[in-house]
2 protein chains.
Amino acid sequence: MIKQLEVVRREHLKEKPDMATLGFGTVFTDYMLSMDYNPEQGWHNAVILPYQNIELSPAAQVLHYGQAVFEGMKAYRTGDEVRLFRPEENFRRMNQSNARLNMPEVDIDFMVDTLKQLVTLEKDWIPTGEGQSLYIRPFVIATEAYLGVRAATHYKLLIILSPVGAYYGSDHLLATKIYVEDEYVRAVRGGVGFAKVAGNYAASLMAQTRATELGYDQVLWLDGVEQRYVEEVGSMNIFFVIDGTVVTPELNGSILPGITRKSILELAQHLGYPVEERRISIDDVFEASQAGTLQEIFGSGTAAVIAPVGSVKYKDQELVVNNGQAGLVTLDLYNHYTGIQNGTEKDPFGWCVKL
Amino acid sequence: MIKQLEVVRREHLKEKPDMATLGFGTVFTDYMLSMDYNPEQGWHNAVILPYQNIELSPAAQVLHYGQAVFEGMKAYRTGDEVRLFRPEENFRRMNQSNARLNMPEVDIDFMVDTLKQLVTLEKDWIPTGEGQSLYIRPFVIATEAYLGVRAATHYKLLIILSPVGAYYGSDHLLATKIYVEDEYVRAVRGGVGFAKVAGNYAASLMAQTRATELGYDQVLWLDGVEQRYVEEVGSMNIFFVIDGTVVTPELNGSILPGITRKSILELAQHLGYPVEERRISIDDVFEASQAGTLQEIFGSGTAAVIAPVGSVKYKDQELVVNNGQAGLVTLDLYNHYTGIQNGTEKDPFGWCVKL
């Protein structure tokens with residue numbers, strides 16, 4: 001395992017974009033990290049170099065067989081202070097994804113150290129506006145030029161950085177409208193749903209397109225076996241506040257084990273909310289709505305942070321939750337969570353890694 | 001839709017490999033086809049150019065979200081005569097895969113014409129030994145540099161060519177050993193199992209690795225809902241000869257609609273064998289084996305053509321079929337099928353497209 005990192009400087013830095021109008025994932029910083037893997041050397045050739053196109057063989061396995069995993073995390077800046085949020089958790093999950101796709105594991109400590117160096121170098125790219133941050137995208141792709149179907153021998157890991165605003169546009173606490181997908185299936189137990197692998201996202205596009213066309217923001221996926229139990233939203237895990245309890249579907253092999261999900265569960269408990277991880281059917285959700293015990297719904301994810309859900313459409317029924325507004329529990333969790341990330345609030349969990 | 005094709009010649013042709021020792025998918029020819037898509041121009045910039053690396057943005061969506069589909073087909077040469085096998089079927093299926101991943105369709109006639117030109121140019125690369133052919137790999141990848149999860153706006157289609165021998169090594173009629181996977185799941189109805197999309201193959205790697213470690217050649221996948229019904233083998237569809245009838249699992253949304261599968265069904269009927277497409281459970285297979293009515297098993301696919309199966313392992317049971325040898329029906333189908341492909345036998349179906 002390599003322990004040294006080369007840095008190749010660029011001659012001219014890019015012009016920074018207008019940070020006031022940042023979208024999501026279109027602007028990239030001056031540098032990226034690149035690292036290679038082969039069976040003889042393991043991970044090697046770790047280098048921070050100018051952000052640039054990469055060259056691949058047209059037979060590279062990632063292009064044919066989708067052997068690719070990724071992670072998403074964020075860096076926050078307040079004044080001169082820069083924080084990473086639980087970066088070791090992301091590299092730990094990357095290794096779970098790597099294992100599921102027969103890909104080599106990375107050294108978590110080395111990756112966190114390397115990321116710290118990269119983000120330090122790119123500190124000026126971290127926007128400081130409300131809801132803004134530097135989005136960090138580590139990913140691993142199979143680069144071997146071979147058309148047989150088997151795990152590749154050669155890989156490339158890259159980390160690219162993008163200054164971002166709120167994922168769902170300017171008003172990050174505007175409640176989203178959710179469409180429950182009852183035909184397409186995202187994942188099933190025994191599959192790769194719990195891993196952050198490329199193919200899961202390709203498989204989700206049709207349903208997302210249909211939901212958008214019907215006027216909804218996001219898809220809520222049901223389980224692949226019975227198409228009855230709530231799993232997750234397109235790019236978020238999902239939480240319900242039912243009768244004062246914060247409920248989220250239990251991890252079952254087809255749900256992504258979100259780091260925001262895990263952190264929200266810890267934070268909610270810390271704040272004194274009862275929490276439950278359990279199987280919850282879409283019928284349960286509609287029954288709770290009719291019984292008047294469904295108080296709030298929100299999604300959680302690195303990109304979206306905490307996003308209130310205002311309504312849920314399932315077949316010919318549609319429920320509105322909390323009059324289509326962000327609820328008190330959602331707002332309470334949002335405020336504490338972003339406060340910890342931004343450093344305006346104490347971090348009782350030791351989640352933030354300061355640079 | 002573009003109707004013209006540019007050809008960029010290379011100065012020096014590569015040295016041809018030793019055709020006697022060809023493997024699968026490691027050697028590529030002198031040229032490839034490249035074509036681009038954007039919303040303004042549709043598919044454009046179709047060019048035959050020297051086989052070479054491609055350049056991608058590190059944010060290209062294929063690398064993150066697996067928006068990629070592919071096809072596999074073969075060209076055969078006998079003397080000066082070159083044949084493509086049902087190429088329009090492959091581009092039709094590519095369009096089904098494209099549609100499932102929200103990707104733009106291609107013009108089938110244009111693609112077949114273009115492929116003919118490419119293969120004509122590369123005619124000398126088509127090996128003529130027993131079981132050899134030129135493997136043709138068309139694929140489409142999302143190239144847009146954007147980290148949001150939605151269908152990309154920009155794509156690249158490439159066709160690369162590789163002279164190949166038998167997929168399972170030198171003796172293409174040696175019976176394979178099959179391991180029935182009862183934990184991992186490849187696909188489920190409502191998912192993308194019926195489409196030839198990259199992520200399906202990444203999801204299959206762990207099971208294949210386990211099967212290989214246990215001494216088996218291929219994985220037999222069961223359905224994702226009940227994990228009970230036979231679906232397909234790693235890179236092939238599967239057929240059973242039970243009591244004189246050629247049986248294959250019916251297409252159900254999670255099984256790949258193989259072009260070899262479809263052709264074998266047509267050929268078997270033509271030869272007078274009763275055929276059935278129906279749901280068949282793994283228990284049915286073992287019961288037929290015990291009852292003495294399971295006569296043969298074989299797999300079918302472009303890469304493997306027709307591959308006899310000698311044994312099937314499921315949990316703690318293992319059945320041997322036809323004493324672990326290729327059976328008479330399998331051999332009869334193999335001989336006629338490869339005869340039609342090679343042009344040594346009449347083609348009553350009009351499957352072959354001569355160049």
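Computed from heavy atoms alone, side chains included, the values below leave out hydrogens, waters and symmetry copies. In what follows, chains carry the letters A, B, and so on, assigned in the order in which the sequence lines appear, proteins first and then strands, with residues in each chain numbered from 1.
Across A/Gln61, A/Met32, A/Arg150, A/Arg137, the residue that shares the most heavy-atom pairs under 4.5 angstrom with chain B is A/Arg137. Among B/Val69, B/Thr26, B/Val188, the residue with the largest count of heavy-atom pairs under 4.5 Å with chain A is B/Val188. Highest contact tally toward chain B, considering only A/Ala145, A/Gly66, A/Gly190, is held by A/Gly190 [criterion: heavy-atom pairs under 4.5 Å]. Most heavy-atom pairs under 4.5 Å with chain A, from the set B/Ile54, B/Val27, B/Val225: that is B/Ile54. For the set B/Ala68, B/Ser57, B/Gly72, the count of heavy-atom pairs under 4.5 angstrom toward chain A peaks at B/Ser57. Considering only heavy-atom pairs separated by less than 4.5 Å from chain A, the leading option among B/Val62, B/Thr212, B/Leu205 is B/Leu205. Each of A/Tyr146, A/Phe70, A/Tyr201, A/Phe139 has some count of heavy-atom pairs under 4.5 Å with chain B, and the biggest count is that of A/Phe139.
The part of A/Val192 that comes within reach of chain B is its side chain, from C-beta onward, which places non-hydrogen atoms under 4.5 angstrom from that chain. Proximity to chain A is limited to the side chain of B/Ile160, based on heavy atoms less than 4.5 angstrom apart. Neither the backbone nor the side chain of A/Ala152 has a heavy atom closer than 4.5 Å to any heavy atom of chain B. When heavy atoms are compared at a cutoff of 4.5 Å, B/Ala195 does not approach chain A at all.
Using a 4.5 Å heavy-atom cutoff, the side chains of B/Asn53 and A/Leu56 are not in contact. In this structure, the side chains of A/Leu147 and B/Phe28 come closer than 4.5 Å at one or more pairs of heavy atoms.
Atom CD of residue A/Gln52 and atom CD of residue B/Glu55 lie 8.5 Å apart, to the nearest 0.5 angstrom. Between the CD atom in B/Gln67 and the OG atom in A/Ser204 there is a gap of 9.5 Å [rounded to 0.5 Å].
Listed here is the closest heavy atom pair of A/Leu158 and B/Pro58: CD1-CB, 4.3 Å. B/Leu63 approaches A/Ile141 most closely through the heavy-atom pair O-CG2, 3.8 Å.
A donor-acceptor pair under 3.5 Å is absent between the side-chain atoms of B/Arg189 and the main chain of A/Val185, judged by distance alone.
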